[in-house]
Amino acid sequence: MQEPWLCSSPRGAPPREAGWNHVSAPLVPRDAGAFVCVLVRPGSSRVLRCERTGEMNEHDTPFDELPADERLFRMRHSAAHVLAEAVLEMFPEAKYAIGPPVENGFYYDFDLPRPLTPDDLVALEARMRVSVARDLPIRGEQIPKARAREVFKDQPYKLELIEGIEDETVGYFRHGEFQDLCRGGHTERTGQLGAFALDRLAGAYWRGDEKNAMLQRVYGLLFPSTGELDAYRATRAEAERRDHRRLGRELDLFHLDPISPGSPFFHPKGAVLYNELIDYMRGLYREYGYDEVITPQMFSADLFKTSGHYDNFKDDMYMLEIDEQEFGLKPMNCPGHCALFRSGHYSYRDLPLRLAEFTRLHRNERSGVLHGMTRVRSFSQDDSHIYCTPDQVEHEIRAVFEMARRIYEELGLGLPVIRLATRPERFAGNIPDWDVAERQLGDSVRSVGYEYTLAPGEGAFYGPKVEFHFRDAIGRSWQLGTLQIDVAMPTRFGLQYTGADGEGHTPMMLHRAILGSLERFIGVYTEHTAGHFPLWLAPVQAVVVPIADRHVEYAHRVRSLLRERGLRIQVDESNERMGAKIRRAQLQRVPYMLVVGDREQEAEAAAVRDGTGADLGAMPVFQIIDRMVDERDSRAIYAGPPAHPPEAGA
RNA sequence: GCCGCUGUAGCUCAGUGGCAGAGCAGCUGUUUCGUAAACAGCAGGUCGUGGGUUCAAGUCCCACCGGCGGCUCCA
């Protein structure tokens with residue numbers, strides 16, 4: 001017989017549903033004034049559910065009637081408790097910290113006598129399933145702080161949390177032998193957790209502060225159903241197949257070498273992507289009135305002292321000593337552009353001045369943060385700084401938005417999601433200027449038809465920041481571009497332009513990048529497209545496949561004709577069967593395969609197969625050229641990967 | 001940087017103190033082929049690096065380097 005369920009019902013409030021019998025007898029008066037409500041079907045003696053409507057409204061509404069997202073939140077939250085229960089069983093001396101629900105599941109942080117191993121995860125998961133099978137009631141209540149301190153007297157992290165709570169009482173949850181300090185949001189029983197699995201181990205600082213102890217974090221996945229859990233795992237497997245580090249190697253685009261950690265080597269094919277993207281941006285710069293500049297790779301530390309980067313980022317810069325003077329490799333372009341502006345004499349007639357630069361930047365990123373192409377130490381950006389008069393700012397911001405929208409659309413990325421990052425704790429400039437700039441950015445975002453979410457305290461040290469995020473083809477969100485108003489550097493550099501009044505004025509300054517770092521963009525875009533780049537970006541745009549050796553010469557003629565139009569074409573002369581050549585081209589994500597045999601040679605044609613695997617039939621060579629040139633010049637988005645992509649390798 | 005895991009052929013991986021292996025890729029030869037993998041042979045190794053334990057180390061221990069998963073950071 002299960003133990004009765006305790007509910008701290010407010011004086012026996014009746015259940016709301018018709019058709020339920022309400023047994024309001026206080027079966028287990030565990031806490032003074034607490035009532036237990038047991039629900040049974042009419043005519044049945046089987047206890048179906050208990051309901052509690054206490055001060056915390058924990059089980060005010062039956063779990064099954066909650067909105068789906070609230071149910072999922074509670075399942076994940078309760079799963080964290082069940083995980084902690086399992087860990088405490090395995091390690092009675094464990095100190096447990098916090099365990100919230102998170103996207104895709106939950107985690108719990110522990111201070112344990114030894115590191116956990118993957119085998120431990122298996123054992124813990126088994127223990128969790130026991131708790132689920134026991135289907136224990138989860139009870140919650142508010143208890144006085146003094147009592148909580150007593151309950152958790154051997155739990156330093158819980159005690160610290162208790163001290164941080166301002167109320168006189170704290171939330172206290174139990175199921176079985178397990179008890180936790182918790183603000184609530186739980187299932188009614190441990191049997192309601194849905195489909196879960198322990199996922200991975202990680203380290204995490206207590207309270208997210210690197211000055212604090214490193215705890216062991218156990219991550220779990222949890223979804224309402226096994227189907228959804230499997231679907232999530234399938235998505236993750238797809239992400240692995242698309243991983244740019246893997247595709248970069250398989251498609252021979254780039255690699256990273258221990259000889260220079262975090263600094264990509266672009267192979268010939270990767271360099272095509274890099275240069276095509278720059279060409280694309282240059283074309284837009286001409287259209288949008290940007291001027292490209294090239295500034296030094298290295299500056300005296302004085303420059304970075306002036307800009308403020310020295311104070312904020314010196315440890316993350318590559319510093320050098322030259323002739324007993326301190327120099328640094330530039331980690332960003334803005335100080336150099338300010339130096340360029342300062343060197344000239346600009347009047348209001350020269351503004352807005354939009355300085356763009358693609359030169360390489362170096363940042364000494366901490367070793368643990370490096371990640372493929374998305375977090376590197378050496379990179380270049382489609383970077384620009386716009387100097388303008390105060391009354392030009394709004395127009396300039398809108399123009400950046402318009403340009404960004406166009407670029408993301410042309411690349412097939414859809415509409416970005418906007419975040420507005422405001423003044424951080426350490427900042428340059430003065431607060432009134434910050435307030436104005438934050439309002440101006442927010443207003444501009446709305447005026448161009450976007451909503452934004454606020455990211456308080458996440459701005460750059462010199463000004464508030466708009467971030468452009470987008471979701472890729474498998475639902476992951478990435479930040480690409482940014483737009484910032486600088487409320488510090490023009491003043492710090494003493495920048496001046498001559499106004500119509502003949503007086504000197506401080507210009508406004510905007511920072512903006514749309515692709516962001518080219519390295520990161522290429523990494524993200526490789527994953528978004530799974531390597532199926534649009535034709536204009538594809539490193540090899542077509543492979544000519546001769547059926548037999550006697551067709552090689554004609555294949556070369558076809559290649560020449562296409563190359564004359566600037567198309568990037570290869571001939572597969574290998575001693576392989578056609579099927580193998582097709583397969584190889586397909587695995588290399590080549591957009592077009594041009595098969596040539598006797599029939600095609602006769603007709604000055606090629607049998608065309610596109611990257612989706614569709615057979616387009618034989619087409620005259622001139623028609624193939626027209627088609628490809630059109631597709632390239634219109635920057636058409638790739639139609640989509642083949643329905644059944646083959647696995648590379650064995 | 002911190003915590004954990006990890007490092008064997010170009011790639012993916014096997015090798016639990018006793019002769020360093022497989023598949024794919026590569027090279028050579030045969031085959032000359034009609035839309036996703038022809039056949040045969042050959043070659044390929046400082047087992048991340050440096051110390052240590054041992055008669056003996058890819059295997060055990062220590063340090064360092066790189067990578068992976070997180071945390072922190074991200075101009």
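All values below come from the heavy atoms of this structure, side chains included, with hydrogens, waters and symmetry mates left out. As the structure is a computational prediction, the values presented were derived from the model and not from experiment. Sequence lines set the chain letters: A, B, ... in the order given, protein chains first and strands last, and positions in each chain run from 1.
Counting only heavy atoms from C-beta outward, the side chains of Val466(A) and Ile485(A) never approach each other to under 4.5 Å. Under the 4.5 Å side-chain criterion, counting only non-hydrogen atoms from C-beta, Val595(A) is not in contact with Arg609(A).
Using a 4.0 Å heavy-atom cutoff across all strands shown, Gln588(A) reaches no nucleic acid atom at all. Across all strands, Ala585(A) comes closer than 4.0 Å to no nucleic acid atom at all (heavy-atom distances). Base contact: Asp549(A) has a heavy atom under 4.0 Å from a base atom. Here Asp598(A) lies in heavy-atom contact (under 4.0 Å) with a base.
Taking the six-membered ring for Trp and the full ring otherwise, the centers of Phe341(A) and His385(A) sit at least 6.0 Å from each other. Ring centroids of His337(A) and Tyr387(A) are separated by 6.0 Å or more, keeping the two rings apart. The aromatic ring centroids of Phe223(A) and Tyr232(A) lie less than 6.0 Å from each other. If you look at Phe106(A) and Tyr108(A), their ring centroids are not closer than 6.0 Å.
Following rounding to the nearest Å, Leu587(A) (CG) and C11(B) (P) show an atom-to-atom distance of 18 Å. One interatomic measurement links the two molecules: CD of Gln216(A) to P of C2(B), which rounds to 17 Å at whole-angstrom precision. A straight line from CG of Asp199(A) to C1' of G4(B) spans 14 Å, rounded to a whole angstrom. For the pair Asp111(A) CG and G4(B) C1', the computed distance is 15 Å after rounding to whole Å. Note: CD1 (Ile547(A)) to P (U35(B)) measures 8 Å, nearest angstrom.
Looking only at atom types and distance, the side chain of Lys330(A) has a donor-acceptor partner in the side chain of Thr359(A) under 3.5 Å away.
For the pair Lys314(A) and Phe304(A), the cation-pi criterion (under 6.0 Å, within 45° of the ring axis) is not fulfilled.
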Encoded 5' to 3' (Watson-Crick or G-U under 3.5 Å; [ ] crossing; | other strand), RNA chain B becomes (((((((..((((....[..)))).(((((.......))))).....(((((..]....))))))))))))....
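An OP1 or OP2 oxygen of A25(B) is reached within less than 4.0 angstrom by no side-chain nitrogen or oxygen of Arg584(A).
The closest donor-acceptor contact from the side chain of Asp257(A) to the backbone of Ser260(A) lies at 3.5 Å or more, if one exists at all. Although no hydrogens or angles enter the test, the distance criterion places no donor-acceptor pair under 3.5 Å between the side chain of Gln381(A) and the main chain of Leu518(A).
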Nucleotide by nucleotide, nucleotides 69-75 of chain B touches protein heavy atoms under 4.0 Å in the pattern (B base, S sugar-phosphate only, - none) BBBBBBB
Does the protein touch nucleotides 40-45 of chain B at the base, only the backbone, or not at all? Give it as B, S and - per nucleotide, heavy atoms under 4.0 Å. ------
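Mapping Leu215(A) and Glu576(A) onto RNA chain B via the closest heavy atom, the residue that lands nearer the 5' end is Leu215(A).
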